[in-house]
Amino acid sequence: MSYKVRDISLAPKGKKRIKWVQRHMPVLEKIKKEFRDKKPLEGITIGSCLHLEPKTINLGLTLMEGGAEVAMTGCNPLSTQDDAAAAGASLGLNIYGWRHETTEEYYENIHRVLDHEPDILIDDGADMIFLVHRERRELIKNIRGASEETTTGIQRLKAMNKDGELKFPVIAVNNAKTKYLFDNRYGTGQSTFDAIMGTTNMLIAGKTVVVCGYGWCGKGIALRAKGLGAEVIVTEVDPIRALEARMDGFRVMKISDAVKYADILITATGNIDVVTRKEFENMKDGCILANSGHFNVEINRNDLIDISISHKKINEDIEEFVLEDGRRLYLLAEGRLVNLASSRGQGHPSEIMDISFSLQALSVLYLSENELDIGVYNVPEEIDTRVAKLKLEAMGISIDKLTEKQKKYLSSWEEGT
Ligand SMILES: NC(=O)c1ccc[n+]([C@@H]2O[C@H](COP(=O)([O-])OP(=O)(O)OC[C@H]3O[C@@H](n4cnc5c(N)ncnc54)[C@H](O)[C@@H]3O)[C@@H](O)[C@H]2O)c1
Ligand SMILES: O=c1[nH]cnc2c1ncn2[C@@H]1O[C@H](CO)[C@@H](O)[C@H]1O
Ligand SMILES: N[C@@H](CCS)C(=O)O
């Protein structure tokens with residue numbers, strides 16, 4: 001076992017936090033027990049590039065119980081939680097990563113994971129998969145496949161596959177119903193506000209919150225903003241989603257208009273340059289800017305620097321930009337996904353990552369048991385349904401079954417009024 005973490009003496013603190021999340025991840029715990037009994041991953045090496053925090057370490061431990069050798073790094077230079085990383089290392093995982101890596105360190109750590117010559121990769125945003133294709137092509141012949149955690153990663157991998165550049169199969173975990181309907185919506189909805197409120201200690205009630213993007217994440221953020229008492233304005237580029245936002249009760253307008261009202265603006269589009277110079281120029285004094293989407297490109301920080309006469313960090317996670325006329329704008333967590341990159345961001349709740357990481361564990365098992373051709377695959381429906389059933393069971397919820405008569409009715413066309 002090898003590791004490179006900030007401070008291994010933080011392990012006891014990390015272990016306590018891991019124990020706590022395990023109590024709220026019953027489905028993954030059940031899979032862990034099955035893995036422990038059957039050792040289905042014996043002889044397999046797994047390399048992951050996922051936000052390194054207690055719930056992710058619990059996924060690593062699950063795979064290790066299945067017999068795999070596991071090497072892990074973070075998928076964002078700001079999101080690793082050092083106590084969890086130290087605990088993971090002390091529990092037998094190969095861990096490389098620390099909070100506040102430079103870009104160079106970030107890629108060095110991905111290389112360290114790849115040095116274990118993994119058979120299966122788990123990625124979030126596809127940085128590790130791209131690195132293999134660009135710089136570590138000698139590893140490709142050994143790789144059975146990968147699973148990808150997030151919307152943007154899948155979008156990039158599909159583009160790569162379309163261009164004939166993808167060289168192994170990938171399972172699109174994000175596209176499972178039990179992923180995006182819960183993780184992206186309720187997970188991002190809660191963890192975004194958890195981080196913004198923890199970072200700013202500000203009231204949401206009575207504020208105007210602008211949400212850019214009404215996809216699965218945007219829907220969750222808008223819903224929680226409304227629940228916390230904010231007035232919510234949504235901006236979109238997709239007419240159907242814009243209509244949906246309107247009928248869900250939100251105001252919808254162009255971003256050029258929306259920014260004039262924003263007390264807090266949150267991006268969740270997966271797109272570049274959603275908020276740029278012309279939007280900053282029309283913002284109110286004191287506007288809080290946060291991204292809960294993709295990398296650090298949704299809010300254009302360079303434009304913000306260009307139009308500011310000064311900028312400085314006023315604490316670890318808040319950067320103040322002073323414009324020529326004296327207005328001040330505040331960017332959280334350097335414009336990286338606020339729910340994980342800010343020091344107050346703990347990521348999604350454990351109950352949510354229980355579902356997402358159970359999907360990951362079962363997708364890895366599927367990759368280990370099946371030879372797939374190159375391509376981007378959905379999570380098999382049996383896995384999606386199994387995870388939903390296990391979660392309902394863990395929540396103590398029973399549901400009805402179709403009767404034979406009902407099944408027949410639903411599959412026939414003869415009966416009318
Ligand atoms: N912070 C987190 O923990 C977390 C969790 C899940 C996903 N994500 C990331 O969040 C992003 C969004 O994910 P999603 O699942 O909601 O994707 P999605 O595709 O469901 O939604 C994105 C929405 O943004 C809209 N959009 C695109 N460009 C826009 C623009 N310029 N202005 C306004 N709207 C625009 C699209 O039309 C779409 O409706 C992705 O990058 C994803 O990887 C983050
Ligand atoms: O607490 C967490 N631990 C690990 N991964 C997380 C957590 N919260 C959200 N995500 C994952 O991060 C991806 C975007 O980068 C999301 O798809 C989500 O599944
Ligand atoms: N790993 C990437 C994916 C976000 S969608 C990030 O942390 O920004």
>> Suppose we screen for side-chain hydrogen bond (donor to acceptor under 3.5 Å, both in side chains). Which residues come up paired with Arg185, at least two apart in sequence or across chains?
In response: none
>> If we count only N and O atoms by modelled type, under 3.5 Å, do the side chains of Glu53 and Gln346 hold a donor and an acceptor together?
In response: no
>> For Asn291 and Thr267: C-alpha separation, side-chain torsions, deciding distance, then whether side chain to side chain donor-acceptor pair (under 3.5 Å) applies.
In response: CA-CA 5 Å; Asn291 169 40; Thr267 52; 2.9 Å; yes
> Is a side-chain N or O of Arg156 found less than 3.5 angstrom from the main chain of Gly125, in a donor-acceptor match?
Replying inline: yes
> In Å, rounded to the nearest 0.5 Å, how long is the span from CD of Glu148 to OG1 of Thr152?
Replying inline: 8.5 Å
Could you pull out every donor-acceptor pair under 3.5 Å between side chains of residues 192-201 and any protein atom, sequence neighbours left out?
from: Thr192; atom 1: OG1; to: Thr188; atom 2: O; distance (Å): 2.6
from: Thr192; atom 1: OG1; to: Ser292; atom 2: OG; distance (Å): 2.7
from: Thr199; atom 1: OG1; to: Ala195; atom 2: O; distance (Å): 2.7
from: Thr200; atom 1: OG1; to: Ile196; atom 2: O; distance (Å): 2.7
from: Thr200; atom 1: OG1; to: Met202; atom 2: N; distance (Å): 3.2

> Do we see a donor-acceptor contact under 3.5 Å between the side chains of Thr276 and Glu279?
Replying inline: yes
> Taking only residues at least two apart or on different chains, which pairs with a member in residues 38-50 satisfy side-chain hydrogen bond (donor to acceptor under 3.5 Å, both in side chains)?
Replying inline: none
> With sequence neighbours left out, what residues match Lys33 under side-chain hydrogen bond (donor to acceptor under 3.5 Å, both in side chains)?
Replying inline: Asp37
>> My understanding is that only residues two or more places apart in sequence, or in another chain, count here; which of them pass side-chain contact (heavy atoms from CB on, under 4.5 Å) with Lys312?
In response: Ile314, Glu320
>> Does anything in residues 131-177 form a ring-ring contact (aromatic ring centres under 6.0 Å, His included)? List the pairs, not counting sequence neighbours.
In response: His133-Phe168
>> Any side-chain to backbone donor/acceptor pair from Glu236 onto Val252? Under 3.5 Å, distance only.
In response: no
> Residues in side-chain hydrogen bond (donor to acceptor under 3.5 Å, both in side chains) with Arg301, at least two apart?
Replying inline: Glu319
>> Test of understanding: with salt bridge (Lys or Arg N to Asp or Glu O under 4.0 Å), list the residues that count as partners of Glu165, not counting sequence neighbours.
In response: none
>> Please check: side-chain N/O of Asp119 versus main-chain N/O of Ile44, any donor-acceptor pairing under 3.5 Å?
In response: no
Below 3.5 Å, can you tabulate the donor-acceptor pairs from side chains in residues 222-232 to any protein atom, sequence neighbours excluded?
from: Glu231; atom 1: OE1; to: Thr208; atom 2: OG1; distance (Å): 3.2
from: Glu231; atom 1: OE2; to: Arg251; atom 2: NH1; distance (Å): 3.2

>> Once side-chain hydrogen bond (donor to acceptor under 3.5 Å, both in side chains) is applied, what residue pairs with a partner in residues 212-222 remain, sequence neighbours excluded?
In response: Tyr214-Asp248, Lys219-Glu244
>> I'd like to check the side-chain hydrogen bond (donor to acceptor under 3.5 Å, both in side chains) partners of Glu138; sequence neighbours left out, ordered by chain and number.
In response: Arg136
> Do NZ/NE/NH1/NH2 and the carboxylate oxygens of Arg17 and Asp83 come within less than 4.0 Å?
Replying inline: yes
> Is a side-chain donor or acceptor of Lys284 paired with a backbone partner of Asp263 at a separation under 3.5 angstrom?
Replying inline: no
>> Does Arg137 have more than 12 heavy atoms from other residues, nucleotides or ligands lying within 6.0 Å of its CZ?
In response: yes
> Okay, side chain of Lys4, backbone of Trp98: is any donor-acceptor separation there less than 3.5 Å?
Replying inline: no
Side-chain donor-acceptor pairs under 3.5 Å in residues 67-80, sequence neighbours left out?
from: Glu69; atom 1: OE2; to: His116; atom 2: ND1; distance (Å): 2.9
from: Thr73; atom 1: OG1; to: Tyr96; atom 2: O; distance (Å): 2.7
from: Asn76; atom 1: OD1; to: Leu78; atom 2: N; distance (Å): 2.8
from: Ser79; atom 1: OG; to: His51; atom 2: ND1; distance (Å): 2.8

> Do side-chain atoms of Gln190 reach the backbone of His348 as a donor and acceptor pair under 3.5 angstrom?
Replying inline: no
>> Are more than 12 heavy atoms, taken from residues, nucleotides or ligands other than Ile240, located less than 6.0 Å from that residue's CD1 atom?
In response: no
>> If we ignore hydrogens and angles and just use 3.5 Å, is the side chain of Asp354 paired with the main-chain N or O of Val27 as donor and acceptor?
In response: yes
> Counting only heavy atoms not in Phe295, do more than 12 fall under 6.0 Å of its CZ?
Replying inline: yes
> Between Asn94 and Ser2, is there a donor-acceptor pair closer than 3.5 Å when you use the side chain of the first and the backbone of the second?
Replying inline: yes
